*Asks:* 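One structure coming up, written as structure tokens, with questions to follow.
In this text the structure is predicted, and so the values were computed from the model without any measurement. Residue numbers run from 1 in the order of the sequence given.
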Amino acid sequence: AGLVVTLSDREASGSLIVACAHLLFNPKRGDARLRQCVAFLRAVEEAKQQAVQPVRVVVCGDFNSYPDSAVYSFLSTGSVASIALEERTAHDDCKERTA
């Protein structure tokens, strides 16, 4: 689940988007977390396109992911290994690792 709010400054031009997410915790569903993350960032991008320019964005939340996870990789680099997109497996680290 996520919330994306666009705030406009009446006195100065521009907008501030504040986006907060809470991704699935289930350790065997790294694939689901990644899909949730992608959908969340799409919503942020849509808000950016509709907002008064210039736009500043704050993204926060509980991503239930480790630094070596696919979600972290996607947020920090914009890409993930293809295995992260496959269906769930018995071991979360099989799904989350990008290498």
*Asks:* Is there a side-chain contact between C37 and L75, using heavy atoms and a 4.5 Å cut-off?
*Replies:*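 With C-beta onward as the side chain, the pair touches.
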
*Asks:* How close do R33 and L23 get, heavy atom to heavy atom, and via which atoms?
*Replies:*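 What the structure gives for the nearest pair is O-CD1, 3.8 Å.
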
*Asks:* Side-chain contact test, heavy atoms from C-beta onward, threshold under 4.5 Å: evaluate it for R29 versus D31 and give yes or no.
*Replies:*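 Yes, at least one pair of side-chain atoms sits under 4.5 Å.
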
*Asks:* Hydrophobic cluster membership, with links at side-chain heavy-atom distances under 4.5 Å among I/L/V/M/F/W/Y: are V38 and V59 in one?
*Replies:*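 Yes; tracing contacts between hydrophobic side chains, which count when under 4.5 Å, links both residues.
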
*Asks:* For L16 and V58, what are the C-alpha separation, side-chain angles and deciding distance, and is it a side chain to side chain contact (heavy atoms under 4.5 Å, CB included)?
*Replies:* CA-CA 8 Å; L16 172 66; V58 176; 4.0 Å; yes

*Asks:* Would you confirm whether Q36, through its side chain, and L24, through its main-chain N or O, come within 3.5 Å as a donor-acceptor pair?
*Replies:*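 It does hold such a pair.
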
*Asks:* Before you tell me yes or no, could you show the steps for V5 and I17 under side chain to side chain contact (heavy atoms under 4.5 Å, CB included), namely the whole-Å CA-CA distance, both residues' side-chain angles and the distance that decides it to 0.1 Å?
*Replies:* CA-CA 6 Å; V5 177; I17 296 174; over 6 Å; no

*Asks:* Which pair of non-hydrogen atoms, one from V55 and one from A51, has the smallest distance, and what is that distance?
*Replies:*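 In this case the closest contact between V55 and A51 is CG2-CB, 3.7 Å.
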
*Asks:* Closest approach of A19 and F40, non-hydrogen atoms and distance?
*Replies:*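 Heavy atoms only, the tightest pair is CB-CZ, 3.5 Å.
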
*Asks:* Is S79 reaching over with its side chain to a backbone N or O of S73, donor-acceptor style, under 3.5 angstrom?
*Replies:*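 Not at all, since once roles are kept as given, no pair shorter than 3.5 Å links the two residues.
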
*Asks:* Treating Ile, Leu, Val, Met, Phe, Trp and Tyr as nodes and any side-chain heavy-atom pair under 4.5 angstrom as an edge, say whether L7 and L3 lie in one connected cluster.
*Replies:*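 Yes, L7 and L3 fall within the same hydrophobic cluster.
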
*Asks:* Decide yes or no for T6 and K48: does some side-chain heavy atom of the first lie under 4.5 Å from some side-chain heavy atom of the second?
*Replies:*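 Sidechains of K48 and T6: no contact.
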
*Asks:* Any non-hydrogen side-chain atom of V71 less than 4.5 Å from a side-chain atom of Y66?
*Replies:*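 No - every pair of side-chain heavy atoms lies 4.5 Å or more apart.
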
*Asks:* Just by modelled atom types, is the P67 backbone N or O under 3.5 Å from a matching donor or acceptor in the S69 side chain?
*Replies:*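 Not at all, since once roles are kept as given, no pair shorter than 3.5 Å links the two residues.
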
*Asks:* Looking at every non-hydrogen atom in both residues, tell me the closest pair between S15 and S8 and how far apart they are.
*Replies:*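 So the minimum-distance heavy-atom pair works out to OG-OG, 3.8 Å.
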
*Asks:* Less than 4.0 Å between a side-chain N and a carboxylate O, is that true for E45 and R42?
*Replies:*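 Between E45 and R42 there is no salt bridge, as every charged N stays at least 4.0 Å from the carboxylate O atoms.
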
*Asks:* Is any side-chain heavy atom of F25 closer than 4.5 Å to a side-chain heavy atom of D62?
*Replies:*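 With C-beta onward as the side chain, the pair stays apart.
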
*Asks:* On a heavy-atom basis, which atom in V4 and which in A47 lie closest, and how many Å separate them?
*Replies:*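 Between these two residues, the closest heavy atoms are CG1-CB, 3.7 Å.
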
